[in-house]
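Each remark here refers to the structure printed beneath this line.
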Amino acid sequence: MSKEIEDHRVHNASGNEPFTSVLDRHVSRRSVMRGGLGLAAASMLGFGGVAQALAASGAKKTPLSLAFEAVQGARLDAVVVPEGYTAQVLVPWGTPLDGQASEWHEGLAMTPERQAHSVGMHHDGMYHFPLDRDGGSQEFLLALNNEYIDQAALWAPQGGPTAADQGRRPADEVRTEIHAHGVTLVHLKKQADGRWTHVPDSDYNRRYTSASVMALGGPVAGSDYVRTRFSPEGRLTRGTNNNCASGHTPWGTYLTCEENWPNYFIRREARERDDERLGIGRERGRYGWESAAGDASERDGEFARFDTTPTGADAREDYRNEARTFGYVVEIDPYTGERAVKRTALGRFRHEGCWPGRLVPGRPVVFYSGHDARNEYIYKFVSAAAWDPADASRPGESMDRLAIGAKYLDEGTLYVARFDADGRGEWLALTPDAETRDGRRLHEALGLAADDQAGILIHTCDAADLMGATPMDRPEWGAVDPASGEVYMTLTNNSQRTAEGTDATFTGDGEAIDEPGVGFATAPVNAPNPRPDNGAGQIIRWREADDATRFDWEVFVFGAAADDADNPSGLTEANQFASPDGLWFDERGEGDGILWIQTDNGYEGVAEHTNDQVLAVVPGALEASPGGAAVVNPGNQQALKRFAVGPNGSEVTGIFATPDRTALFINIQHPGNWPAAEDATRATDGQVRPRAATVVIQKRDGGPVGV
Ligand code: FEO
Ligand code: CA
Ligand code: CA
Ligand code: CA
């Protein structure tokens with residue numbers, strides 16, 4: 001169930017044609033052009049040992065079929081999995097990572113120190129990094145995002161947070177909350193009995209929190225935009241925040257993505273263009289962290305930095321630029337725990353996540369990313385450096401992975417997507433000399449110097465507006481089929497989409513809402529976002545053209561309640577879903593992977609039947625449908641099957657399987673009354689202090705999951 005932590009205002013005042021108008025006019029779908037398998041096989045050698053098994057086969061296989069018995073919708077304080085499967089709770093919030101944190105118990109009073117040495121709160125995106133010789137099927141390092149917090153659960157023993165909504169927050173409560181955010185790294189191991197456990201005192205266990213010192217990399221690093229009192233040179237910042245979905249690189253690093261970070265900062269006056277465009281507030285941050293500023297124990301403006309109102313003579317004397325050190329994709333070397341680096345070349349916005357494209361030796365490395373807010377955009381980063389397979393991760397060997405990260409992620413071109421109604425699309429480069437849709441140079445249109453790429457990145461969203469990008473229905477997770485290179489992305493919902501024929505409405509300076517510059521309140525439907533007041537969402541798919549600046553797209557599936565009149569994919573009680581969010585492509589070879597879909601639903605038509613869920617479909621088994629219908633349509637919808645259901649109140653998010661596919665890992669975020677036991681399927685009897693947790697789903701017979 002959606003917790004609605006997002007900022008519901010719409011900040012895109014660009015007037016670009018919204019994606020929904022594009023889909024309505026999208027009549028002919030392009031034929032599916034799957035990539036050559038030889039190329040695909042060669043390309044995947046870097047991906048953590050997963051690819052070897054896939055490289056051998058040359059002939060097109062019969063697609064997999066999903067062999068599990070689909071589960072029914074459920075509304076329980078329990079996880080539901082198919083017959084023949086188990087679900088085990090792992091590393092819930094508060095699990096100690098080393099000897100400096102005491103064991104969890106129901107009445108545990110959390111402290112800054114204890115939280116800094118324990119698993120963080122609200123598990124979200126995650127990925128696995130092998131520690132064994134088996135590509136990580138027996139033992140791996142789990143990198144896990146801790147997106148935000150449940151203050152009621154965090155402060156339950158004292159009856160809730162102090163001064164949550166007004167007044168001064170106590171310094172140690174703020175420090176504890178700061179430490180509950182960020183990223184957890186924890187060593188996991190499969191035991192002889194098939195159950196999984198974390199390794200309590202592993203040297204790999206560590207936290208990156210919203211206080212950890214981090215470096216800036218790429219064009220913004222060292223620029224005037226990011227000088228602060230803490231880092232007058234503009235090279236460092238403290239913390240990563242609202243880490244939502246994840247990503248990973250072929251060289252063995254974790255990418256963690258800063259999503260709803262604007263809500264944590266305020267700026268009372270002297271507001272800048274990007275404060276308005278991104279929606280930084282004026283009054284009180286999400287948890288009021290700035291209110292602890294001036295506490296006698298405060299060090300180096302640890303709380304003051306969340307209020308970016310200028311107070312000093314220049315940027316080196318205050319924190320006016322602090323928020324400009326957030327909004328990035330952050331790279332972590334999970335094996336060494338070195339200082340994390342914010343890769344600014346990938347743009348600054350509410351990054352949901354970051355997904356590597358098909359990897360081809362001698363070609364650039366590509367990453368896809370979406371901005372999760374209403375009527376925002378989809379982006380692609382293309383490295384300047386060509387992929388060298390010698391840079392592929394070699395677990396167990398000493399490598400300077402962050403130096404390799406700098407090579408591929410600090411120099412390159414950031415593009416934004418325009419979806420055309422004819423099923424084509426174009427990637428628009430966000431470079432100073434790019435020609436805007438009204439014929440100007442992008443740097444001039446933004447009022448920047450001719451070589452100011454840093455300025456373009458700080459103002460990524462404005463740049464995308466000027467280039468004519470297509471506003472979308474809240475892009476969430478992406479997934480790439482590494483064999484074909486096809487990219488899937490969830491568009492979770494958009495309550496501010498209006499009917500065909502209506503005009504986009506804007507609320508700029510002095511208009512309907514009392515927030516200058518905040519606007520684009522409603523936008524009419526278009527081709528890839530064709531439904532007004534879109535509560536149920538959809539998933540799109542695209543394929544790159546050879547020159548990598550063009551693509552073909554189509555809608556893969558539309559969410560809906562089974563009894564909705566508007567149910568283009570023909571979903572039934574057995575597979576109805578809404579608000580797709582998490583996504584993972586379980587590659588096994590060409591046409592042979594499972595697309596796993598997770599939901600974060602706030603759509604009543606589905607919510608009254610089931611909690612959030614995990615569904616599975618094998619896209620390679622579906623024929624392209626004629627006439628512009630979604631790939632999943634009433635004629636083949638039974639191929640989409642419900643695999644698992646989460647507990648009451650929760651969102652199901654974060655997903656991967658071990659390389660041998662025998663263990664599928666998911667996260668349960670913000671459960672209402674769960675977990676009751678290590679068995680995730682045991683329904684809670686009475687009331688527990690809720691804890692987000694990772695859940696590992698396995699077959700009782702030890703076979704691969706889903707088939
Ligand atoms: Fe944190 Fe857009 O989900
Ligand atoms: Ca969420
Ligand atoms: Ca999400
Ligand atoms: Ca969501």
Side-chain angles (χ1 to χ4, degrees), residues 1-12 120-127 144-150 180-183 210 240-247 255-264 278-279 286 326-330 349-355 368-379 472-479 488-496 534-539 559 577-584 596-603 606-607 611-615 646 649-656 666-671 692:
M1 169 169 287
S2 171
K3 265 278 253 225
E4 297 296 353
I5 63 162
E6 298 84 10
D7 182 344
H8 280 218
R9 295 167 302 170
V10 178
H11 303 284
N12 182 350
M121 226 173 188
H122 277 20
H123 303 32
D124 204 325
M126 60 177 169
Y127 203 67
L144 170 71
N145 288 347
N146 299 117
E147 188 185 24
Y148 64 108
I149 56 174
D150 174 349
H181 285 68
V183 175
S210 289
T240 184
N241 198 278
N242 238 257
N243 304 80
C244 189
S246 50
L255 302 177
T256 183
C257 303
E258 298 178 331
E259 190 196 19
N260 288 306
W261 58 274
N263 306 354
Y264 289 68
L278 288 162
R286 180 150 186 223
F326 286 77
Y328 300 110
V329 173
V330 184
F349 45 91
R350 287 183 192 76
H351 280 277
E352 174 76 16
C354 187
W355 294 276
Y368 298 99
S369 195
H371 182 165
D372 179 9
R374 289 171 180 79
N375 305 310
E376 290 289 355
Y377 308 128
I378 291 173
Y379 296 85
M472 309 294 283
D473 284 349
R474 294 187 55 204
E476 297 242 34
W477 285 56
Y488 297 77
M489 194 167 275
T490 52
L491 300 171
T492 197
N493 55 54
N494 186 353
S495 58
Q496 283 158 284
N534 181 13
Q538 66 268 18
I539 299 175
F577 76 91
S579 302
D581 192 335
L583 206 56
W584 183 60
W596 298 89
I597 301 165
Q598 298 175 305
T599 68
D600 175 18
N601 179 29
Y603 183 64
V606 172
N611 291 341
D612 276 318
Q613 54 185 307
V614 184
L615 301 114
S650 73
E651 160 186 351
V652 186
T653 180
I655 183 164
F656 67 87
I666 62 171
N667 283 321
I668 299 299
Q669 192 190 79
H670 59 76

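For the numbers below, each heavy atom of this structure counts, side chains included, while hydrogens, waters and symmetry mates do not. Both counts, for ligands and for their atoms, begin at 1 and track the order of listing. Numbering starts at 1 and runs along the sequence shown.
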I'd like the atom name of the N/O/S atom in E352 lying closest to atom 2 (Fe) of ligand 1.
OE1

The Ca ion (ligand 3) to nearest N/O/S of E651 below 3.0 Å:
no

E476: which N/O/S atom is nearest atom 2 (Fe) of ligand 1?
OE1

Rounded to 10°, the OD2/D372 to atom 2 (Fe) of ligand 1 to OE2/E259 angle comes out at 80°

If I take every N, O or S atom of D600, is at least one of them less than 2.8 Å from atom 2 (Fe) of ligand 1?
no

Taking the Ca ion (ligand 3) as the reference point, name the nearest N/O/S atom of E352.
OE2

For a distance under 2.8 Å, tell me if D581 has an N/O/S atom near atom 2 (Fe) of ligand 1.
no

Considering non-hydrogen atoms only, spot the tightest contact between A245 and N145 and give its length.
O-ND2, 3.1 Å

Atom name in D600, limited to N/O/S, at shortest distance from the Ca ion (ligand 4):
OD2

Indicate the atoms forming the closest heavy-atom contact of I597 with P580, along with that distance.
CG2-CB, 4.1 Å

For Y148 and Q669, work out which heavy atoms get closest and say how close.
CE2-OE1, 3.5 Å

Please identify each residue that fulfils side chain to side chain contact (heavy atoms under 4.5 Å, CB included) with A578, with sequence neighbours left out.
A536, N601, Y603, V606

Do you see an N/O/S atom of E476, backbone or side chain, under 3.0 Å from the Ca ion (ligand 4)?
yes

As a test of understanding, state which of N146, N667, T653, N242 forms a side chain to side chain donor-acceptor pair (under 3.5 Å) with D124.
T653

Answer yes or no as to whether an N/O/S atom of D581 is found below 3.0 Å from the Ca ion (ligand 3).
yes

Sequence neighbours excluded, which residues qualify as ring-ring contact (aromatic ring centres under 6.0 Å, His included) partners of H371?
F349

Of the non-hydrogen atoms in P671 and S650, which two are nearest, and what is the gap between them?
CA-CB, 3.7 Å

